[in-house]
Novice: 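One structure follows; several queries about it will come next.
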Protein chains: 2
Amino acid sequence: MVDGKEKKNFGIKDIARLANVSIATVDRVLNNRKDVSDATRQKIKDIIKEYNYQPNLYARSLSVKNNLNFAVLIPKTSLETGYWQLCLDGIEKGIKELEPFGIQTTVFLYDQEDVRTFVKVSEQILHGNFNAVVIAPIFIKETEDFVRQCHKRKLQTIYINSDIPSKSTLGYIGPDLNSTGRLAGNLTSYLVNPGAKILILNVAKGLENYKYLDTKIEGYKEYLHHLDRQFEIDIADIPYNVYEEVERELLRKMKTGSPDVLFVTNSRVSVVGQFFYEHPEITKPYLIGFDFLEANVNYLTKGVVDFLICQRPDKQGYLALNYLYRFFLLKEDGVNFKPMPIDIITIENYMFYEN
Amino acid sequence: MVDGKEKKNFGIKDIARLANVSIATVDRVLNNRKDVSDATRQKIKDIIKEYNYQPNLYARSLSVKNNLNFAVLIPKTSLETGYWQLCLDGIEKGIKELEPFGIQTTVFLYDQEDVRTFVKVSEQILHGNFNAVVIAPIFIKETEDFVRQCHKRKLQTIYINSDIPSKSTLGYIGPDLNSTGRLAGNLTSYLVNPGAKILILNVAKGLENYKYLDTKIEGYKEYLHHLDRQFEIDIADIPYNVYEEVERELLRKMKTGSPDVLFVTNSRVSVVGQFFYEHPEITKPYLIGFDFLEANVNYLTKGVVDFLICQRPDKQGYLALNYLYRFFLLKEDGVNFKPMPIDIITIENYMFYEN
DNA sequence: TCATTTTCCGTTTACGTTAACGACACTTAT
DNA sequence: ATAAGTGTCGTTAACGTAAACGGAAAATGA
């Protein structure tokens, strides 16, 4: 047991020897190809099972001469939504890993405030010669159209970040949005007494595109209602991105009395944090928001934001490419649904949170 | 950009062609071996830099004929400490990945309540022919002795799970224990009002061995004291493992009034959870504990345990083997300190938490 | 001067898997 | 009868890197 020597690697060559055939025949069985008699096939399969043969993935990767082209279709990173940069980080990590396998990956970006940019790049993808596309959907109808076109052209699709009704061929990798809202509700319940005032805040330009925010809100209210603690829950929209406009709206809203908990439904919680940081005269509510962005962490460390709920966007992007690799190269099945962990970040554990 | 074709893999052969030498010479430069003139070496280095050559790790892994033996030295899994099973899971995943490289890994288990078992297996490791050992230390003095012996015999060492004063050669992979305690304090601060009664509870047989619990307690008290909210903080030891004994002690302690928050300093929080679950007549405090064990999650779902603080023990084990691989095969540096993320698990996100 | 060592470098095999290509026997069509 | 087709299988050259081995030239020793 201590001396490791007798157990050399059991490979395709050994199988061939045991079965009295050539390695080519073994290869045919392993890859489910034809040109092997049933008797020989069965004998080889038995040996594979008996010796628990595991193919050497490194050798396979070396040998295989791939010519796969993947596309990635995600929103452009902007100042207000550094979120997508994180996603891109993970994707680029995946791209690097796939390169030695001869897999080319191209990233296409679209403006999440301008549907025409989405249509434009999606057509580029359709006319490029791709085998699969990773999609982070925002515009529901247009994405469904695009996916339908993809399927016509035998282009595999996989969603990340948020799921939409139209089924992709390979599934969805991302958070369960309803649970994400429920978790926010759960945290809220620890912060305040029955009867507390709670404000749900949607902050974003073009809010009509962000249908998935409703799912979060649904989970949030669902959780709080079932507690039956007579909370006074309000919802407000602030359809702006820049601080000055948000500030104006918040000032107006806070005139009528500050809530005890403020739940910002997306990653724009930093501008709300900035508001309370710059207005110490206003009683700060507990502040819950989303995503591990630098600006958000900044107000976390200042003690203005209390909880950040995070979903590892980088891991989503990385995993999506990883699944494509496994689907094409290792012939594994699609994912259907791979839920991301939902992480809680506070001022005391943010420094160890990793991509 | 869309057509991926011209960019074939740039390899050692291409470097050789460009430098008018054979691939063997390039190999010598890449592996810092001798038998190359300074002029040739420099020319090759320039080309490598100019074309940003990246070695194909899959090819290297295939080619290299390793004969490395790793040892893993961790506590045995018992009914009370399923924690170590998680750690072992990650280690076994790592072992599987290392096998195709010709790396043999042997796991040695010791009884964390019996120092003699530690000494016994550690001697086995010293006499076996190993190149490196992953250590999850419990007994501080004995571990230090062992590490000293290892260094004498050129045996690389790496700690996981908890750090101890004696320096290992390759570093430590695990949580920052003080921060772990601070995080528990942070959560506590959201749960109660100033002046609340807080009880810190150490539950384990042979508590004298668990010096690292003190570090957690230190962080916990440190955080709460700096808030200056006049909390009434008590510490109690329950040096037992089985439920009946813990129950007896807890009944005695609760007679004098139940605390508002109960902080269990290790993974034995499930027995405390069981206590309050079976004694509904006693007012349940908020309950904070450690580790994603089935028993703990069970009382989390029942609403008895409020927060579990987790540190991904499986990832520690996996990473340790991964670092050894990189140290020996890829000649990368040691880690020194790789902090694990500290995760907060509640009833609303436990179902997505993954190993 | 000749023998020996040292320095520098190329040829070749191996790692485990894939797949193109061809060989052979046997069947079917003409 | 011969040609063409089909089913089964083996030989062999790749993939990119590592390293054993040997060879030629230069340096050193006597």
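Please read all numbers here as calculations on a predicted model, not as lab measurements. In what follows, chains are A, B, ... by sequence order, proteins preceding strands, each numbered from 1.
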Novice: What residues in residues 32-53 of chain A put a non-hydrogen atom under 4.0 Å from any atom of DNA chain D?
Specialist: A:Asp35, A:Val36, A:Ser37, A:Thr40

Novice: Kindly say if B:Ser61 contacts the phosphate of D:dT17, meaning a side-chain N or O under 4.0 Å from OP1 or OP2.
Specialist: no

Novice: Return the value, rounded to whole Å, for the distance between atom CG of A:Asp14 and atom C1' of C:dC15.
Specialist: 13 Å

Novice: By side-chain hydrogen bond (donor to acceptor under 3.5 Å, both in side chains), which residues pair with B:Arg153, not counting sequence neighbours?
Specialist: none

Novice: Checking B:Arg312 now: which residues fulfil salt bridge (Lys or Arg N to Asp or Glu O under 4.0 Å) with it, not counting sequence neighbours?
Specialist: B:Asp343

Novice: Quick check on contacts: within residues 16-24 of chain A, what sits under 4.0 Å from DNA chain C by heavy-atom distance?
Specialist: A:Ile23

Novice: Does a side-chain N or O of B:Asn56 approach OP1 or OP2 of D:dC15 to a distance below 4.0 Å, or not?
Specialist: no

Novice: Distance-only criterion, 3.5 Å: show the donor-acceptor pairs between side-chain atoms of residues 38-51 of chain A and protein atoms not counting sequence neighbours.
Specialist:
{"from": "A:Thr40", "atom 1": "OG1", "to": "A:Ser37", "atom 2": "OG", "distance (Å)": "2.7"}
{"from": "A:Arg41", "atom 1": "NH1", "to": "A:Arg33", "atom 2": "O", "distance (Å)": "3.4"}
{"from": "A:Arg41", "atom 1": "NH2", "to": "A:Arg33", "atom 2": "O", "distance (Å)": "2.7"}
{"from": "A:Gln42", "atom 1": "NE2", "to": "A:Asp46", "atom 2": "OD1", "distance (Å)": "3.1"}
{"from": "A:Lys43", "atom 1": "NZ", "to": "A:Ala19", "atom 2": "O", "distance (Å)": "3.4"}

Novice: Considering the terminal five base pairs at each end of the helix from C:dT1-D:dA30 to C:dT30-D:dA1, what angle separates the two local helix axes, rounded to 10°?
Specialist: 50°

Novice: Once side-chain contact (heavy atoms from CB on, under 4.5 Å) is applied, do any residues pair with B:Tyr318, and if so which ones, sequence neighbours excluded?
Specialist: B:Lys93, B:Glu97, B:Asn322

Novice: How would you list, by chain and number, every residue that makes a ring pair (Phe, Tyr, Trp, His ring centres under 6.0 Å) with B:Phe70, sequence neighbours excluded?
Specialist: B:Phe328

Novice: Could you state the CG-P distance from A:Leu30 to C:dT17, rounded to the nearest angstrom?
Specialist: 8 Å

Novice: Apply side-chain contact (heavy atoms from CB on, under 4.5 Å) to B:Pro75 and list each qualifying residue two or more places apart in sequence or on a separate chain.
Specialist: B:Trp84, B:Tyr110, B:Gln112, B:Ala136, B:Ile138

Novice: Can you tell which of D:dC15, C:dG10, C:dT18 lies closest to the side chain of A:Arg60?
Specialist: C:dT18

Novice: Taking side-chain contact (heavy atoms from CB on, under 4.5 Å) as the test, write out the residues that go with B:Gln54, two or more places apart.
Specialist: B:Asn52

Novice: Quick one: list whatever passes side-chain hydrogen bond (donor to acceptor under 3.5 Å, both in side chains) with B:Gln316, sequence neighbours left out.
Specialist: B:Gln311

Novice: Output all residues satisfying side-chain hydrogen bond (donor to acceptor under 3.5 Å, both in side chains) with B:Gln156, sequence neighbours left out; order by chain, then residue number.
Specialist: B:Thr169

